[in-house]
Amino acid sequence: MTTTQTSVVHDLGTLAHRLSHPARTPCVCEPPQVLADRPDGTVVRSGAIVAKAHAADTDREALAARIALAAAPQLAGILLPPLTAPEPATPTARPVTLWPLGSPVDPTDPGAAPWAEAADLLARLHRTEPPFPLPPMRGPAKAARAVARMRAALRGDAITPPRDPAAEPGDAIALPRDPAVEPGDAIAPPRDPAVLSVLAGWRSLPAWARGEAPAPGSGADALCHGDLHLGQLVRHPAPDGPWLLIDMDDAGVGDPAWDLGRPAAWYAAGLLAPEDWSTFLDAYRAAGGPAVPADGDPWPALDVPARALTVQTAAVALAKCAAEQRDPDDHEQLMIDSCARIATLPPELATGPAS
């Protein structure tokens with residue numbers, strides 16, 4: 001952990017402790033607990049208060065709108081509302097928000113995963129009219145950042161092609177160009193097929209799913225979470241309150257199918273059991289969710305988001321593997337293999353249940 005990171009963690013812990021600890025009483029609090037520490041978000045808990053430092057390059061006006069959304073009465077019972085943060089004495093390098101503590105999903109008990117509750121919350125979110133102007137949902141932009149992160153992580157692994165012994169000094173080395181590779185792409189040696197598959201899958205997506213254009217269609221202006229997974233749910237009040245959605249960093253208006261894209265991608269890759277996928281999809285439909293038809297085949301609506309989130313997940317996995325100098329684990333490999341399948345199929349067949 002760098003000195004800057006240590007300072008951020010310390011400052012967040014001090015802030016959370018100050019707000020959770022009653023004034024003028026003896027302190028018997030446990031030390032602040034770091035829940036996450038990444039460049040895009042550092043989260044520290046003290047008592048019943050959670051403090052989060054957002055990324056340094058966060059659009060503060062857009063973040064303020066997203067935090068206000070979580071506090072809006074129209075979203076009560078759907079989104080975890082924020083706490084009022086005291087104004088800092090001096091401007092901070094990273095914007096800070098405060099939240100009540102909730103009980104997260106237990107990662108050691110997959111059978112208890114609240115798929116039905118998550119689907120119901122999403123459907124209710126998607127059905128709610130935006131209470132005021134909001135920025136676009138950032139899901140596609142987050143996918144683009146994941147691919148950029150993969151390229152950056154692998155750039156240091158790029159190698160110089162072997163020299164033809166018949167070539168004279170100064171001769172240019174001409175290699176056949178791979179159509180999946182753009183100038184500047186970094187390819188892990190030896191021209192790693194996993195990386196090529198992810199890049200090919202990425203380029204098969206329409207521009208809107210790569211964050212390069214607005215989402216098409218009249219239904220692309222729904223309230224969206226933007227980064228739905230089971231880590232984005234907590235029970236509040238802890239430990240037995242109702243489930244609520246957390247983490248508004250990517251929320252906004254957009255295509256609601258994006259929020260179903262990650263569970264759909266996991267199902268298509270074989271990571272999510274068919275019965276869990278059915279529970280999720282049936283609960284979403286039962287709650288009137290607008291992202292998919294009320295009956296029939298959901299995949300025409302889910303195809304592009306599922307493909308995009310497959311690529312995003314695989315790109316993040318390869319970036320982590322490069323940074324940690326390791327091979328993909330079984331779950332990561334399934335998503336990478338799915339990219340290879342996506343890259344070889346026409347768009348209308350690129351996703352769907354794992355065979």
Side-chain angles (χ1 to χ4, degrees), residues 19 40-41 43 49-88 91-92 94-100 102 117-145 208-209 211-229 232-234 236-237 241-262 284 287-292 301 305:
L19 296 175
D40 64 339
V43 184
I49 304 295
V50 175
K52 178 174 182 177
H54 301 260
D57 62 353
T58 295
D59 181 328
R60 297 189 181 220
E61 183 177 349
L63 177 63
R66 293 178 168 114
I67 302 306
L69 178 67
Q74 297 92 327
L75 280 303
I78 301 173
L79 305 178
L80 181 72
L83 301 173
T84 301
E87 288 295 327
T92 57
R94 297 169 63 176
V96 173
T97 55
L98 295 170
W99 305 87
E117 293 86 345
D120 180 77
L121 289 168
L122 279 184
R124 291 163 58 198
L125 176 69
H126 295 163
R127 294 197 330 257
T128 302
E129 288 291 324
F132 41 76
L134 288 162
M137 175 266 294
R138 295 203 312 164
K142 192 159 191 171
R145 288 198 306 274
W208 76 265
E212 299 168 2
S218 58
D221 56 357
L223 275 182
C224 301
H225 182 274
D227 188 29
L228 188 280
H229 53 80
Q232 307 288 35
L233 288 98
V234 297
H236 179 75
W243 290 104
L244 298 172
L245 293 169
I246 64 170
D247 190 354
M248 302 308 297
D249 289 46
D250 301 305
V253 293
D255 183 349
W258 192 275
D259 284 342
L260 281 67
R262 185 176 272 111
Y284 183 82
V292 295

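Index from 1, following the sequence. All values below were derived from every heavy atom in this structure, side-chain atoms included, with hydrogens, water molecules and symmetry-related copies excluded.
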Shortest non-hydrogen separation from [X] to [Y] and the atoms involved:
X      : Y      : value
Pro305 : Trp208 : CG-CH2, 4.3 Å
Phe132 : Ala65  : CE1-O, 3.6 Å
Pro131 : Ala72  : CG-CB, 4.2 Å
Pro100 : Pro81  : CD-O, 3.3 Å
Pro95  : Ala55  : CD-O, 3.7 Å
Ala257 : Ala301 : CB-O, 3.5 Å

Beyond-backbone contact of [X] with [Y], side-chain heavy atoms, under 4.5 angstrom:
X      : Y      : value
Leu223 : Leu134 : yes
Ile67  : Trp99  : yes
Leu244 : Leu79  : no
Leu83  : Leu19  : no

State whether Asp227 and Arg262 are salt-bridged, where the test is any N-O pair (Lys NZ or Arg NE/NH1/NH2 against Asp/Glu carboxylate O) under 4.0 Å. yes
Strictly distance-based, threshold 3.5 Å: is any side-chain N or O of [X] a donor or acceptor partner for the main-chain N or O of [Y]?
X      : Y      : value
Tyr284 : Leu260 : no
Arg66  : Pro135 : no
His54  : Arg60  : no
Asp259 : His225 : yes

How long is the straight-line distance from [atom2] of [Y] back to [atom1] of [X], given to the nearest 0.5 Å?
X      : Y      : atom1 : atom2 : result
Arg124 : Gln74  : CZ    : CD    : 13.5 Å
Leu121 : His126 : CG    : NE2   : 10.5 Å
Asp59  : Asp249 : CG    : CG    : 11.5 Å

Exactly one of Val96, Thr97, Leu98, Ile246 clears side chain to side chain contact (heavy atoms under 4.5 Å, CB included) with Lys52, and that residue is Thr97
Applying side-chain contact (heavy atoms from CB on, under 4.5 Å), run through Leu245 and Leu80 and close with a yes or a no. CA-CA 6 Å; Leu245 293 169; Leu80 181 72; over 6 Å; no
